[in-house]
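Protein chains get the first letters and strands the later ones, always in sequence-line order, with residue 1 at the start of each.
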Amino acid sequence: MRLTREYFKQDALFLAEDLLGKLLCRKINGKVLKFRITETECYLGKGDSASHAGKKKTERNKIMFKQGGYAYVYLCYGIHYMFNIVSGQKNTAQGVLVRGVENFDGPGKLTKALKIDKSFNGADLVKSKEIWLENDGIKFSFKRAKRVGIEYAKKEDREKLWRFIAIK
DNA sequence: AGATTGATAAGG
DNA sequence: CTTATCAATCTT
């Protein structure tokens with residue numbers, strides 16, 4: 001079953017956990033590929049110094065201020081595309097970073113495998129025929145960990161256990 | 001541990 | 001315009 005707008009409008013903290021085991025679907029050259037999500041991180045906008053949207057709205061992060069269900073894709077370190085799922089209500093600026101799927105562990109690797117690039121920034125995951133998410137009823141158990149790659153953030157934000165990793 | 005890489009944000 | 005910075009990865 002395809003995930004709905006109502007699903008994506010839930011809190012990012014809940015979604016980051018619940019998205020583990022869901023299927024990330026991508027249509028390439030007429031073929032549909034499905035990858036099971038194995039690792040996520042949660043980013044809240046307001047007061048989260050690790051989030052792009054933690055301080056203020058900019059041209060790049062404005063997608064995160066939309067209601068849940070949109071894709072936020074951006075280039076990091078000039079090399080790697082990151083795929084995020086905007087979540088929560090409008091203007092809450094929450095998002096879930098998809099860090100890994102089955103067989104492609106790592107945020108830069110999964111976007112490369114799925115051929116996700118900047119043109120998907122702002123894509124509607126509820127309506128798009130190119131990229132969407134599905135729930136087939138499988139739910140993984142998981143463990144929590146500290147987020148990575150955010151050394152620039154405040155100490156209290158660095159130590160939050162907002163990274164979710166599926167256990168095989 | 002170091003090189004890489006280029007869009008983006010902030011400042012003059 | 002210029003500069004610094006970065007939700008990472010690959011190679012030593």
Between C/dA7 (P) and A/Lys146 (NZ): distance, integer Å: 18 Å
Looking only at non-hydrogen atoms, find the nearest pair between A/Gly21 and A/Arg36 and report the distance. O-NH1, 2.9 Å
Hey, which of A/Lys31, A/Lys115, A/Arg26 is the one that makes salt bridge (charged side-chain N to carboxylate O under 4.0 Å, His left out) with A/Glu130? A/Arg26
Between A/Lys66 and A/Tyr70, is NZ or CZ placed under 6.0 angstrom from the six-membered ring centre and within 45° of the ring axis? yes
Are the ring of A/Tyr43 and the base ring of C/dA7 both nearer than 5.5 Å at their centres and tilted by less than 30°? yes
Could you state the CD1-P distance from A/Ile150 to C/dA8, rounded to the nearest angstrom? 9 Å
Starting at CG of A/Leu75 and ending at C1' of C/dT5, how long is that distance when rounded to a whole Å? 13 Å
Could you pull out the closest heavy-atom pair between A/Leu23 and A/Asp136, with the gap in Å? CD1-OD2, 3.7 Å
Need to verify one output field. Residue with the more 5' nearest nucleotide on DNA chain C, A/Gly78 or A/Leu110? A/Gly78
Under 3.5 Å for both pairing distances: what stems, at least three Watson-Crick or G-U pairs long, include DNA chain B? B:1-4 with C:8-11, B:6-11 with C:1-6
Side chains of A/Tyr74 and A/His52: is there a donor and an acceptor less than 3.5 Å apart? yes
Go through the N and O atoms of the side chain of A/His80 and the base of C/dA7, and report whether any donor-acceptor pair is under 3.5 Å. no
Would you mind reading off the distance between A/Tyr77 atom OH and C/dC10 atom P, rounded to a whole angstrom? 14 Å
Is it the case that A/Asn135 and A/Tyr7 place a side-chain donor and acceptor less than 3.5 Å from each other? no
